[in-house]
Protein chains: 2
Amino acid sequence: MAESKAITTRAQDFSAWYNELIQRAELADHSPVRGCMVIRPNGYAIWEQMQQALDRMFKETGHQNAYFPLFIPQSFLSKEAEHVEGFAPETAVVTHGGGKLLDEPLVVRPTSETIIYSMFAKWIQSWRDLPVLMNQWANVVRWEMRTRLFLRTTEFLWQEGHTAHISEEEAEAETLLILSLYRRFMEEWIAMPVVTGLKTDGEKFAGALRTYSCEALMQDNRALQAGTSHNLGQNFAKAFEVTYQTAEGEREFVWNTSWGVSTRMIGGLIMTHGDDTGLVCPPRLAQWQVVIVPIWRSDEERDATRAAALELQATLRAAGLRVTVDQREGMKPGAKYYEWEARGVPFRMELGPRDLASGNVMLARRTGGKEPVPQEGLAERMHAEIDAMQVALLEAAKARREANTLRGPKSKQEFIDFLERDGGFVYAGFCGDPAVEAEIKEQTKATIRCLPDPEFRSPEAPTTCIWTGKPATVEAMWARAY
Amino acid sequence: MAESKAITTRAQDFSAWYNELIQRAELADHSPVRGCMVIRPNGYAIWEQMQQALDRMFKETGHQNAYFPLFIPQSFLSKEAEHVEGFAPETAVVTHGGGKLLDEPLVVRPTSETIIYSMFAKWIQSWRDLPVLMNQWANVVRWEMRTRLFLRTTEFLWQEGHTAHISEEEAEAETLLILSLYRRFMEEWIAMPVVTGLKTDGEKFAGALRTYSCEALMQDNRALQAGTSHNLGQNFAKAFEVTYQTAEGEREFVWNTSWGVSTRMIGGLIMTHGDDTGLVCPPRLAQWQVVIVPIWRSDEERDATRAAALELQATLRAAGLRVTVDQREGMKPGAKYYEWEARGVPFRMELGPRDLASGNVMLARRTGGKEPVPQEGLAERMHAEIDAMQVALLEAAKARREANTLRGPKSKQEFIDFLERDGGFVYAGFCGDPAVEAEIKEQTKATIRCLPDPEFRSPEAPTTCIWTGKPATVEAMWARAY
């Protein structure tokens with residue numbers, strides 16, 4: 001049962017607010033296993049909606065699901081030099097199986113490039129077999145020191161796409177296609193605007209040629225990397241000898257891509273839309289888009305309003321809406337409202353004896369506003385309401401992001417001050433030197449989130465590096481990040 | 001690409017047939033990790049269809065999905081005495097994380113009773129919180145010595161339901177409800193008839209009060225346990241202190257159930273319906289229910305038949321059918337037919353210039369039969385064809401099972417002979433003595449698959465034990481099993 005005392009406000013302590021919201025909305029819980037979370041039904045239902053929408057997008061673009069082993073022989077990780085350096089320190093290692101010490105320890109997958117490309121090597125023979133476009137929904141494990149529910153946990157759920165192509169151009173096109181799908185999903189479903197762009201070499205995936213990411217700005221002005229898409233070049237193809245015969249009979253290495261999003265997106269959803277009352281869930285991802293609360297004082301009223309609520313539920317469900325009726329007895333309507341608000345249900349319909357008489361319901365929006373609306377034509381109305389709320393949430397989040405973005409700080413000091421007070425995204429010129437990037441991180445705790453794609457860049461390209469004053473080679477976007 | 005040589009026949013070597021069929025249909029493959037399989041897209045698509053159908057059934061009966069950690073502290077397993085005895089010998093154990101030796105080793109879940117009930121203990125306070133009806137879709141690991149694709153692998157995918165109830169009666173009702181859902185799914189979707197019944201104490205789940213199972217008979221007359229549903233009593237509730245406050249203010253232990261089906265069902269599907277040409281997939285579970293093959297000799301014919309095929313595909317898809325068009329060039333129609341047959345696609349439509357002229361398609365069924373049918377009204381026709389093929393597959397499997405079932409053998413020798421020649425299911429009287437059960441297993445390699453539910457029992461209950469001649473306490477069903 002949800003507790004009834006108010007949660008800490010965002011202004012008081014954002015981090016405490018986040019944790020208390022998750023407990024109050026019963027989205028997740030800490031488990032007895034260090035760093036591993038339990039995703040409770042209310043949280044898992046959001047993940048299921050996310051999965052369905054993404055899975056449809058992947059399939060519409062020709063990808064197929066498969067499943068590869070949880071365990072990876074330790075030697076596989078070492079076959080790609082940067083990859084092992086990046087992932088070996090954070091692996092969980094199985095040393096015993098069936099009561100015996102294993103000849104070779106098995107790593108619990110932190111990501112599956114190595115095991116998947118070892119299979120691609122077996123399956124791919126000819127140019128006719130390409131492209132291979134695969135995806136898997138799976139759990140992965142990375143031994144994290146400091147964990148936070150949804151954002152960074154030892155085990156998490158994700159999808160990882162893995163593809164093989166005939167050329168670098170085709171692999172790059174795939175990498176960018178997926179980046180665009182991710183962006184569309186985050187904007188149209190999570191109502192979370194993102195900046196897309198290229199990662200610097202210091203921030204890219206261990207083993208990739210190039211990494212692109214989606215970066216969102218949370219309400220505490222910290223950045224959240226919400227998804228990444230990697231052009232792996234031929235690095236893994238060479239390590240695992242994934243070759244194909246060309247039409248001319250030559251042997252060539254394939255070009256790979258990999259890409260993933262995870263349950264971390266639920267953390268992004270919470271920190272983009274949540275308020276001091278609890279979760280605000282975008283209707284397209286909500287387990288229940290509408291909760292109907294019948295209101296009564298007598299047994300007679302109870303039977304009548306409950307019957308009407310169930311009838312209304314049936315009508316709305318038939319129109320494709322996700323609707324539930326809160327029939328619980330011994331609980332006041334106000335207590336029910338409070339609970340459903342904490343859980344983020346987008347729309348509430350109150351249905352009392354007076355509404356039965358008038359043919360209306362009282363429609364309350366989680367984002368504010370309450371008014372009587374006719375039951376006649378309610379399903380069409382609700383579809384429009386859902387679309388409108390999605391748009392409003394996205395626009396509000398965009399406006400907040402823009403209000404917390406600094407473009408072209410006039411001085412290094414202004415850049416530092418902005419980051420010091422957790423100001424949000426800052427766009428500025430960068431000389432491209434990794435040592436400078438590292439120094440900025442060291443001194444400001446901010447990282448280059450990405451080198452933004454053209455549409456996000458400032459109208460006038462910066463000419464000097466904000467840190468060194470040397471000529472800028474690119475425009476970069478910095479922030480302190482999760 | 002599928003190889004073109006014929007597979008071993010079932011009569012020649014059933015086991016080789018099974019393995020070759022899986023490779024030919026590209027359902028799964030062996031991985032470099034001992035005992036772990038890769039589920040390839042053609043196999044995973046069947047699993048996705050299974051998941052969707054089962055998930056709907058679970059949700060319609062009030063169950064919610066959640067997700068619990070992959071890792072279980074080793075000490076948790078030991079809290080329930082029978083449970084640890086059953087599972088500890090086959091666990092994979094993580095001893096190192098993040099480069100350090102762990103204080104307490106973590107077991108990779110072989111099943112999740114212990115970790116889940118430790119969370120239930122935290123969440124359940126009052127009788128108002130009951131029942132708790134949860135399910136998770138997850139991977140599990142059991143260190144198997146001899147593995148076979150889908151049937152017995154070190155890692156496999158499954159769902160595990162876990163519930164908590166106020167009384168033994170309610171828990172028993174839940175256990176039986178799920179058993180009936182499993183049976184319905186296996187019959188209506190996999191078209192695989194099953195015998196349901198109670199497991200003996202020697203065969204029940206480690207830690208359960210009672211285990212019920214679904215037992216199917218494969219084409220080689222071996223039994224496959226395809227799903228189990230356990231009434232756990234208060235065993236785990238006591239081990240993990242899962243208590244609730246009654247309406248009267250008393251503390252009581254809850255009553256638990258758990259139940260699961262896995263990717264093993266795909267093995268059951270293959271061995272129930274497959275033939276010497278390859279897979280036969282029941283249409284309700286097929287990734288593609290219909291493949292349309294356009295046939296041409298000239299470029300002009302190619303363009304015309306391809307356009308007609310795509311139009312037909314659109315019509316059939318709009319009617320909710322899963323349809324694909326095989327547009328590949330440089331491959332003869334016959335080679336395509338061969339490949340799609342091996343993959344088990346239920347219906348093939350051949351569409352050539354003559355069909356365009358006549359307004360027909362040539363409809364071929366994977367189960368035999370081929371005839372021209374009008375394109376007019378084809379969607380309705382295909383829905384009827386699908387229903388008819390589902391029924392025919394189930395009836396054929398039932399008839400085969402009945403033909404390979406012996407009821408009431410007249411002597412111990414007849415019982416032994418029947419099992420010796422892998423005769424199938426044998427129903428006979430049993431005295432109930434575990435030592436006798438063990439002796440029969442030792443001498444015949446057959447186990448009691450279950451004590452069949454009333455509707456499966458013989459019209460006249462056996463009066464004597466087939467092995468000892470003592471009075472029978474129950475009717476049991478034996479078979480050699482996977």
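A note on names: the letters A, B, ... follow the listed sequences, proteins ahead of strands, and every chain is numbered from 1.
Around the CD atom of A:Glu104, the shell of radius 6.0 Å holds more than 12 heavy atoms that belong to other residues, nucleotides or ligands. Heavy atoms of other residues, nucleotides or ligands lying less than 6.0 angstrom from CD of A:Glu85 number 12 at most. Surrounding CD of B:Glu241 are at most 12 heavy atoms belonging to other residues, nucleotides or ligands under 6.0 Å away.
Using a 4.5 Å cut-off between heavy atoms, A:Gln287 contacts chain B through its side chain alone, with no backbone atom that close. For chain B, no part of A:Ile116 is nearby; none of its heavy atoms comes within less than 4.5 Å. A:Glu48 touches chain B through its side chain: at least one heavy atom from C-beta onward sits under 4.5 Å away, while N, CA, C and O do not. Contact annotation for B:Asp55: only side-chain heavy atoms (C-beta onward) come within less than 4.5 Å of a heavy atom of chain A. Within the 4.5 angstrom heavy-atom criterion, no atom of A:Ile124 approaches chain B. With a threshold of 4.5 angstrom between heavy atoms, A:Pro89 approaches chain B through N, CA, C or O but not through any side-chain atom. Neither the backbone nor the side chain of A:Lys100 comes within contact range of chain B, judged by heavy atoms closer than 4.5 Å. For chain B, the nearby part of A:Ser118 is the side chain; its heavy atoms alone come within less than 4.5 Å. For A:Met37, the part sitting under 4.5 Å from any heavy atom of chain B is the backbone (N, CA, C, O) and nothing else.
Interface remark: of the candidates B:Thr154, B:Asn139, B:Thr153, B:Asn139 forms the most heavy-atom pairs closer than 4.5 Å to chain A. Note: A:Asn65 leads A:Thr95, A:Leu102, A:Asn65 in heavy-atom pairs under 4.5 Å with chain B. When the candidates A:Cys36, A:Pro41, A:Ala92 are compared by the number of heavy-atom contacts under 4.5 Å with chain B, A:Pro41 comes out ahead. Note on B:Leu106, B:Ile115, B:Val93: by heavy-atom pairs under 4.5 Å with chain A, the leading option is B:Val93. The candidate with the highest count of non-hydrogen atom pairs below 4.5 Å against chain B, out of A:Pro105, A:Gly97, A:Ala45, A:Pro73, is A:Gly97. When the candidates B:Gly99, B:Ser31, B:Ala88 are compared by the number of heavy-atom contacts under 4.5 Å with chain A, B:Ser31 comes out ahead. Of all the listed residues (A:Thr263, A:Leu157, A:Val108), the one sharing the greatest number of non-hydrogen pairs under 4.5 Å with chain B is A:Leu157. For the options A:Ala66, A:Pro32, A:Ala28, A:Ala138, heavy-atom pairs under 4.5 Å to chain B are most numerous at A:Ala66. Among B:Phe76, B:Phe68, B:Trp47, B:Phe71, the residue with the largest count of heavy-atom pairs under 4.5 Å with chain A is B:Phe71. Highest contact tally toward chain A, considering only B:Gln125, B:His96, B:Glu90, is held by B:His96 [criterion: heavy-atom pairs under 4.5 Å].
Summarising the geometry, atom CD belonging to B:Gln136 is positioned 8.0 Å from atom OH belonging to A:Tyr44; distances are rounded to the nearest 0.5 Å. Rounding to the nearest 0.5 angstrom, the gap separating the CG atom in A:Asp103 from the CZ atom in B:Arg34 is 10.0 Å. The NZ atom of B:Lys122 lies 7.0 Å from the NE2 atom of A:His30; values are rounded to the nearest 0.5 Å. Distance check: B:Arg128 CZ to A:Arg328 CZ gives 11.0 Å after rounding to the nearest 0.5 Å. Atom CG of B:Asn42 is separated from atom CD of A:Gln64 by 6.5 Å, given to the nearest 0.5 angstrom.
Among all heavy-atom pairs drawn from A:Pro69 and B:Val33, the shortest one is CB-CG2, 4.5 Å.
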Pair A:Leu70-B:Leu70, side-chain contact (heavy atoms from CB on, under 4.5 Å): steps then yes or no: CA-CA 11 Å; A:Leu70 171 69; B:Leu70 172 68; 4.0 Å; yes

Start with the C-alpha gap between B:Glu155 and A:Tyr67, add the side-chain angles, then the distance that decides, and say whether side-chain contact (heavy atoms from CB on, under 4.5 Å) holds. CA-CA 11 Å; B:Glu155 181 193 15; A:Tyr67 187 76; 2.5 Å; yes

